[in-house]
Every structure is written in structure tokens, then in C-alpha cells.
Trainee: 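This is the structure I have questions about; it appears just below.
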Amino acid sequence: MEDTAIVTLYWQRDPEAIQASDEKYGPLCRSVSFNILRSREDADECVNDTWHRAWDTMPPQKPGSLRAYLCRIVRNLSIDRWRAGRSQKRGEGLEALTLELEDCVPAVPSAEEQWETREIAAAVERWLAELSDGDRALFLRRYWYAEAVKDLAGQLGWSPNRLSQRLRRLRLDLRQALEQEGVIL
């Protein structure tokens with residue numbers, strides 16, 4: 001089913017929208033959530049919460065990209081769940097990602113720094129736009145979709161060490177681009 005048809009179902013308050021969303025984007029959403037939480041049960045709960053959040057937000061929201069909209073919801077829910085369980089469990093999912101990026105991306109700003117956050121996001125978007133399609137996809141798969149280095153390397157036919165080095169070079173390039181734009185790290 002096309003995304004526009006699924007969004008229309010949400011707007012019509014048709015429960016078929018949830019089933020259609022799960023059929024089309026369930027595996028992707030479960031993968032994103034699992035990559036952050038490292039727990040199938042928690043990932044499944046976040047995906048179910050994603051369908052409910054989508055139901056509650058459409059209308060008034062009418063996303064241009066349903067895939068991006070649902071992935072953002074499931075990613076945010078998964079990060080919230082990870083933070084809630086962080087004091088009880090230690091995992092390498094999100095914690096490893098934040099450690100890898102902490103040298104090139106500043107810490108999450110306070111409420112007073114909202115404007116700076118938007119400027120940093122715009123700078124990162126400009127940097128991503130300048131990358132080759134392959135590097136952009138690689139960076140997003142690792143740092144947005146939280147895919148494991150081992151899994152990415154296997155899919156690309158690379159060694160994990162080669163992929164880690166490529167990701168390191170991308171992070172260094174991002175750091176340099178942010179510094180050139182005046183972002184203080």
C-alpha cells in the first residue's frame with residue numbers, strides 16, 4: 001500500500017492504518033528500536049507504541065515521508081526507553097553510538113540553547129548533503145538507524161576494522177566541517 005493511502009487511513013481514523021503501517025514498516029521500525037535497545041521485547045513494545053503515537057498525531061500531522069515519520073517516532077521512543085533503563089542496565093547499543101560521536105558533536109543543549117541546536121542541525125545537514133550517496137547512507141545507517149558495525153561490514157563485504165576506519169574518517173570530517181562553521185566543540 002502506498003504511503004499516501006496509509007496516511008489517508010490514519011486521517012479517516014481507520015484501524016487498517018496500523019496494520020498497513022506494521023506490514024510495510026514494522027521490520028524497519030523493529031530493527032531501529034532493537035539496534036538501540038538490544039532487546040526484542042522492548043523493541044516490540046516501542047514499535048507498538050509507535051503505531052499508537054502515529055494514530056494520536058495524525059491528524060493534525062500529515063507527513064510527507066511516512067517512513068521517516070515512523071522511524072523518527074520509534075527512534076525517539078526507543079531512546080526514551082533506553083534512558084529510563086540506563087540506570088538499571090548497561091548495554092552497548094546507544095551508549096556506544098554516543099561515545100563514538102561525542103568527539104565531533106557537542107552535547108545535547110539546554111532549553112536556552114535551542115537556536116544553537118537548530119544551527120548545528122543545519123550544519124550537519126549541509127555536511128551530509130556534500131557526502132557521496134554511499135558515505136551518507138553509511139553514516140545514517142550507523143548513527144541514525146544504529147546499525148552495528150559488524151552487521152554493516154558484513155553487508156558491505158568489508159572487514160569491521162575497515163568500516164570502523166571509514167566511520168572514523170567521516171566523524172573527523174564532520175568535526176572539521178562543524179569547526180569551519182563556527183560550532184564550538
Side-chain angles (χ1 to χ4, degrees), residues 3 6 20-54 57 61 63-86 89-105 108 117 120-175 177-178:
D3 287 359
I6 297 172
S21 296
D22 191 48
E23 287 173 7
K24 187 165 185 179
Y25 294 114
L28 173 64
C29 289
R30 281 180 188 78
S31 174
V32 168
S33 187
F34 179 79
N35 288 340
I36 294 168
L37 297 169
R38 300 289 182 215
S39 165
R40 292 271 177 230
E41 295 80 16
D42 288 346
D44 286 341
E45 277 190 46
C46 283
V47 171
N48 287 335
D49 291 346
T50 298
W51 309 145
H52 293 288
R53 179 78 52 91
T57 58
Q61 298 292 322
S65 169
L66 184 61
R67 178 179 194 238
Y69 187 75
L70 294 174
C71 282
R72 183 174 184 140
I73 292 172
V74 77
R75 186 174 187 275
N76 289 342
L77 289 170
S78 298
I79 289 170
D80 289 347
R81 181 173 290 251
W82 177 83
R83 285 180 180 144
R86 187 171 179 211
K89 301 183 218 174
R90 297 283 183 213
E92 69 174 57
L94 187 60
E95 196 166 288
L97 293 176
T98 56
L99 289 174
E100 287 178 21
L101 284 173
E102 74 181 3
D103 289 339
C104 60
V105 176
V108 177
T117 300
I120 292 168
V124 171
E125 287 175 12
R126 285 189 294 275
W127 176 77
L128 283 169
E130 293 175 3
L131 292 178
S132 68
D133 290 345
D135 281 346
R136 184 180 323 105
L138 179 65
F139 191 85
L140 290 174
R141 287 179 68 183
R142 176 66 181 137
Y143 298 111
W144 178 258
Y145 294 108
E147 292 186 35
V149 169
K150 182 179 79 172
D151 296 340
L152 279 171
Q155 292 170 10
L156 295 170
W158 294 3
S159 70
N161 187 45
R162 177 181 176 198
L163 180 61
S164 293
Q165 289 302 315
R166 183 67 198 137
L167 289 167
R168 182 179 174 275
R169 284 191 295 274
L170 285 170
R171 289 191 310 270
L172 289 173
D173 187 51
L174 171 59
R175 181 185 181 103
L178 290 174

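As a basis for the values below, the full set of heavy atoms in this structure was taken, side chains included, without hydrogen atoms, waters or symmetry mates. Quick caveat, the model's predicted, so the values are computed rather than measured.
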Trainee: Once side-chain contact (heavy atoms from CB on, under 4.5 Å) is applied, do any residues pair with Asp133, and if so which ones, sequence neighbours excluded?
Mentor: Arg136

Trainee: Would you name the heavy atoms of Ile36 and Ala146 that are closest together and state the gap between them?
Mentor: CG1-CB, 3.8 Å

Trainee: For Arg53, look at atom CZ and say whether over 12 heavy atoms of other residues, nucleotides or ligands are found less than 6.0 Å away.
Mentor: no

Trainee: Nearest 0.5 angstrom please: Arg72 CZ to Arg75 CZ, how far?
Mentor: 8.5 Å

Trainee: For a 4.5 angstrom cut-off between non-hydrogen side-chain atoms, does Val74 reach Leu70?
Mentor: no

Trainee: Is there a side-chain contact between Leu128 and Leu140, using heavy atoms and a 4.5 Å cut-off?
Mentor: yes

Trainee: Could you list all the ring-ring contact (aromatic ring centres under 6.0 Å, His included) pairs where at least one residue sits in residues 121-156, not counting sequence neighbours?
Mentor: Trp127-Phe139, Phe139-Tyr143

Trainee: Find the distance between CG (Leu167) and CG (Leu172) and round it off to the nearest 0.5 Å.
Mentor: 11.0 Å

Trainee: Compare all side-chain heavy atoms of Arg30 with those of Asp22 and state whether any distance is below 4.5 angstrom.
Mentor: yes

Trainee: Using the test salt bridge (Lys or Arg N to Asp or Glu O under 4.0 Å), find all partners of Glu45 that sit at least two apart in sequence or belong to another chain.
Mentor: Arg81

Trainee: Compare every heavy atom of Ala153 with every heavy atom of Leu163, then report the nearest pair and how far apart it is.
Mentor: CD2-N, 3.5 Å

Trainee: How long is the span from the CD atom in Glu147 to the CD atom in Gln155, to the nearest 0.5 Å?
Mentor: 5.5 Å

Trainee: Taking Cys46's backbone N and O only, do any of them form a donor-acceptor pair with Thr50's side chain (distance below 3.5 Å, no angle check)?
Mentor: yes

Trainee: Is the backbone of Arg169 close enough, under 3.5 Å, to the side chain of Asp173 for a donor and an acceptor to pair up by distance?
Mentor: no

Trainee: Under a 3.5 Å threshold, yes or no: a donor from one side chain and an acceptor from the other, between Thr57 and Tyr69?
Mentor: yes

Trainee: If you round to the nearest 0.5 Å, how far is CZ of Arg166 from CZ of Arg142?
Mentor: 15.5 Å

Trainee: Can you name the closest pair of heavy atoms from Leu28 and Cys71 and give their distance?
Mentor: CD2-SG, 3.3 Å

Trainee: Could you tell me whether Arg40 atom CZ has more than 12 heavy atoms of other residues or ligands within 6.0 Å of it?
Mentor: no

Trainee: Using every non-hydrogen atom in the two residues, find where Leu37 and Ala43 come nearest and quote the distance to one decimal.
Mentor: CD1-N, 4.0 Å

Trainee: Return the CG to CD distance between Asp135 and Glu130, rounded to the nearest 0.5 Å.
Mentor: 12.5 Å

Trainee: Using every non-hydrogen atom in the two residues, find where Gly26 and Trp51 come nearest and quote the distance to one decimal.
Mentor: CA-CZ2, 3.9 Å

Trainee: Leu77 vs Ser33, test: side-chain contact (heavy atoms from CB on, under 4.5 Å). Steps then yes/no.
Mentor: CA-CA 8 Å; Leu77 289 170; Ser33 187; over 6 Å; no

Trainee: Measuring only between side-chain heavy atoms, which start at C-beta, is Val32 closer than 4.5 Å to Ser78?
Mentor: no

Trainee: Could you tell me the separation between the CG atom of Asp42 and the CH2 atom of Trp82, rounded to the nearest 0.5 Å?
Mentor: 13.5 Å

